[in-house]
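These notes are about the structure you will find just below.
We count residues from 1, following the sequence as given.
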Amino acid sequence: MTPVDTNLPYSSAKQPKLFSPRAIVTTVVVAMSACVLGLLVWKAIEGRTAALAQGERDIHYLTHSLAEHTSHSIQAIDVAMGAMVDLLKYQKPRVDRFNAALRKTADALPQIGEIGVIGPDGARVYSSAAELPAHNNADRSYFIAHRDSTDSALHISEPLESRLTGRPTIVLSRRITKEDGSFGGILFATIESRYFDNFYQAFRFGPHAGITLLRLDGIVLAHWPSGKWNKEVSAAFKTRIEQDRTGYTKTTSPFDGRIKYLGFERASQYPIVVTVALPEAEVLAAWHEDLRNDLLVALVLMGIVVLFAVLLAREFGKRTRVGLMLREREARYRLLADNIADVVILLDRNGHFLFVSQSVETILGRKADDLIGKSCFEFVHPDNLADVAKATSELTDWTITKTVEFRTYRADGSEVWVEINFKLAGAADDHRGIEVVGVLRDVTERRKMEDELNALNVRLAALATTDGLTGLANRRSFDVALPREFRDREHISLIMLDIDHFKGFNDSLGHQAGDECLRRVANVIADATDKTTALAARYGGEEFAIILPSVGEQDALKVAEAIRLMVRSLAIANPAARRGVVSVSVGIASRSAATADESELLRRADLALYEAKHSGRDRTVLASSLPGDSHSAGRKQYA
């Protein structure tokens, strides 16, 4: 055998090929497969985490909206009932008038099934129903609770089978306490359980989702979609909702035994809780779809890797083609990483776009490339430009994050409400200085819901302060306004006005004509006080009151005389009156050094009104013209 020359160069000796084409191809295939699988696993984990986080946010938003809806639905009834309880404490209204008022309230609030009054013996006294129900409710738990307790707060009952309709019904009730403190019955309003059921089913969740409305003691008031009213939640959950106003957990549903993600929120004003439960499959439905798409992409990528390995084995020298394919694969990965719903933007310190994610086309219908280099302020509605500029100017610290809502424009010119969260970001790599990074999302629907809730609150406030028949302020508004104006004004006058012979008018022409007469007189008063600081109110029955801030006695006399003459000029026939037409008597009192408080002002105006009645009606009397308090022994009833 010929010995090997050990002096030959290393390259000429037969050494193992540590970097043979086969080894390189195998290494590339293994590395690429590991990258694809690793990226797939990482994206799947991150996507699942993001889907669960988004599901939690969606459930929190929904429970908050439902809790607010329930709270406002109950609050509307509570406000209306509060005024009625105050009235029933001191008066016993006529049945036909009060029933008409109850029906009007039930018509204005669609959630009410029936509203009425139950006397101390359990029998109906008033009702918005067409006919007064004859059954006795003294055995109902809510009646017993009010009878045995002096608590005047609103009581929310468990679902009961209505004796009037036979359907599951929730009863809202308040205690009527007489002037002497004794039990005077209850004022109640019913909400049929199907009212909430019909509202909840509009969200169109999957078959195993659930929305539950319950009291803090665990009694279920409404549950969609199963309609199981007799279920109670666990003791642990009762403790949880008593301690926390809002929460989120993974639990087993007591209604169908399925594992669900459950969010809850307690209403801001009432002891009720709304829960929303979604099965895990529904929460992760979008993630499952994305995972299937990712697997398909991964299979395609793996096929490319295998094909690429074969090409490498055959033509290892074509490194340029390999590099091109790698760059294409990197672009695909970046496309997947950038595929998010919110718009990510990067601005320079002057507000010009440096980067905009592709999702801007979904929200605003604009191409991302068309926005680069333009000022973000060009796309802000002029009414919101100051708010955006102010928020931008306040970015002085790296730890500060600003949030602002504003209107912007889609590509088609339509307006859309958006919310942006932005903060300062460094750009030290190319020394361009300070930049601003932000995340923008569409909040148009949320703003729409907020506007609807605000409009509902305005309507409720008007119902609580306005007399339903005349459109003037009610007695409650007058009682609040008089002390305030007396306290804040150095000069103030009060006009008390009463329709003459009104009882005879009603007896002769009927109550419908009487109501029309009240409305016409109220219109005269409203026209006389329009566009002034005066407050005109229906004081009670056929009596009206007008508060005139910063007005002296003589000016008040001019107003009163104008109203009196205008009412007489209406020429409303009154068979009971000596002149044959409707007239009014007026008493006026103005603040003086001897007027101790608003009660004294009211008493003196009342005395002047009595004197106007006593001295022949259809006239105006000034309290200052009275010879002392000779009539202060008390008001007499006048027709």
Side-chain angles (χ1 to χ4, degrees), residues 470 472-473 475 477-500 502 518 520-540 542-572 577 579 581-633 635-636 638:
T470 64
L472 300 178
R475 175 68 178 273
S477 298
F478 174 85
D479 290 341
V480 172
L482 182 59
R484 181 184 67 244
E485 296 295 343
F486 188 89
R487 181 184 65 249
D488 297 341
R489 307 284 183 172
E490 182 178 356
H491 299 289
I492 182 172
S493 295
L494 177 62
I495 297 176
M496 299 297 291
L497 181 149
D498 187 87
I499 301 176
D500 298 327
F502 190 73
L518 287 172
R520 295 185 66 182
V521 171
N523 288 338
V524 171
I525 296 172
D527 291 341
T529 57
D530 187 29
K531 297 180 181 179
T532 70
T533 58
L535 173 70
R538 184 182 180 190
Y539 192 74
E542 67 273 18
E543 191 170 356
F544 300 87
I546 306 173
I547 302 173
L548 298 172
S550 303
V551 174
E553 186 177 65
Q554 291 303 314
D555 289 333
L557 177 61
K558 295 177 183 179
V559 175
E561 278 296 282
I563 293 174
R564 184 180 67 82
L565 295 175
M566 184 61 69
V567 170
R568 193 167 65 184
S569 69
L570 294 177
I572 302 172
R579 295 185 179 89
V581 296
V582 169
S583 62
V584 295
S585 296
V586 186
I588 302 174
S590 296
R591 183 173 185 172
S592 66
T595 309
D597 53 25
E598 69 275 5
S599 297
E600 177 65 16
L601 182 67
L602 179 61
R603 187 186 72 82
R604 291 181 58 78
D606 203 37
L607 289 174
L609 174 59
Y610 175 76
E611 181 61 26
K613 287 285 187 180
H614 184 71
S615 58
R617 297 182 171 84
D618 190 17
R619 62 194 60 205
T620 301
V621 173
L622 297 173
S624 62
S625 67
L626 298 178
D629 293 341
S630 59
H631 300 289
S632 62
R635 294 186 60 185
K636 296 183 179 180
Y638 31 78

*4.5 Å side-chain heavy-atom contact, Asp527 and Asp530*: no

*Considering only heavy atoms from C-beta outward, does the side chain of Glu543 approach that of Leu609 to under 4.5 Å?*
yes

_Please check this pair: side chain of Ser477 against backbone of Ala473, looking for a donor-acceptor N/O pair closer than 3.5 Å._
no

*Non-hydrogen side-chain atoms of Val586 and Met496 separated by less than 4.5 Å*: no

*Arg568 side chain to Arg564 main-chain N or O, any donor-acceptor pair under 3.5 Å?*
no

*Would you confirm whether Arg604, through its side chain, and Ala623, through its main-chain N or O, come within 3.5 Å as a donor-acceptor pair?*
yes

_Euclidean distance, Gln554 CD relative to Ser590 OG, rounded to 0.5 Å_ = 8.5 Å

*Check for a donor-acceptor pair, side chain of Arg475 on one end and backbone N or O of Tyr539 on the other, with a separation under 3.5 Å.*
yes

*Side-chain touch Ile499/Val582, heavy atoms, less than 4.5 angstrom*: yes

_Polar contact flag, side-chain donor to acceptor under 3.5 angstrom, Ser624-Glu553_ = yes

*Specify the closest pair of heavy atoms between Ser550 and Arg489, including all atoms of both residues, with the distance to one decimal.*
OG-NH1, 3.4 Å

*Quick check: does any side chain N or O of Ser493 sit under 3.5 Å from a backbone N or O of Val551, one acting as donor and the other as acceptor?*
yes

*Would a 4.5 Å heavy-atom cut-off, applied to side chains only, mark Leu626 and Leu607 as touching?*
yes

*Measure across Thr470 and Leu518 and return the closest heavy-atom pair with its distance rounded to 0.1 Å.*
CG2-O, 4.1 Å

*Report yes or no: does Asp618 contribute a side-chain atom to a donor-acceptor pair with the main-chain N or O of Ser583 at less than 3.5 Å?*
no

*Closest contact, heavy atoms only, Ile563 versus Ala528*: CG1-CB, 3.7 Å

*side chain to side chain contact (heavy atoms under 4.5 Å, CB included) between Val581 and Ile572, worked out*: CA-CA 5 Å; Val581 296; Ile572 302 172; 5.9 Å; no

_Pair Leu494-Ile588, side chain to side chain contact (heavy atoms under 4.5 Å, CB included): steps then yes or no_ = CA-CA 6 Å; Leu494 177 62; Ile588 302 174; over 6 Å; no

*Kindly indicate whether the side chain of Ile525, heavy atoms from C-beta on, has any atom under 4.5 Å from the side chain of Ile546.*
yes

*asked:* Hydrogens and angles aside, do Thr595 and Ser592 bring a side-chain donor and acceptor to less than 3.5 Å of each other?
replied: yes

_Least distance between heavy atoms, Arg617 atom then Ser585 atom_ = CA-OG, 3.2 Å

*Pairwise distance CG(Asp479) to CZ(Arg484) - rounded to 0.5 angstrom*: 12.0 Å

*Hey, are the side chains of Val559 and Asp555 touching, using non-hydrogen atoms and a 4.5 Å cut-off?*
no

*asked:* Restricting to non-hydrogen atoms, name the atom on Ile492 and the atom on Phe486 that form the minimum distance, rounded to 0.1 Å.
replied: CD1-N, 3.9 Å

_Quick one, Glu542 and Asp498 - any side-chain contact, counting heavy atoms below 4.5 Å?_
yes

_NZ on Lys613 to CZ on Arg619, rounded to 0.5 Å_ = 11.5 Å

*Please report the closest heavy-atom contact between Leu548 and Ala556, naming both atoms and the distance.*
CD1-CB, 3.7 Å

*Spacing of CD belonging to Glu598 relative to CZ belonging to Arg603, to within rounding of 0.5 Å*: 13.5 Å

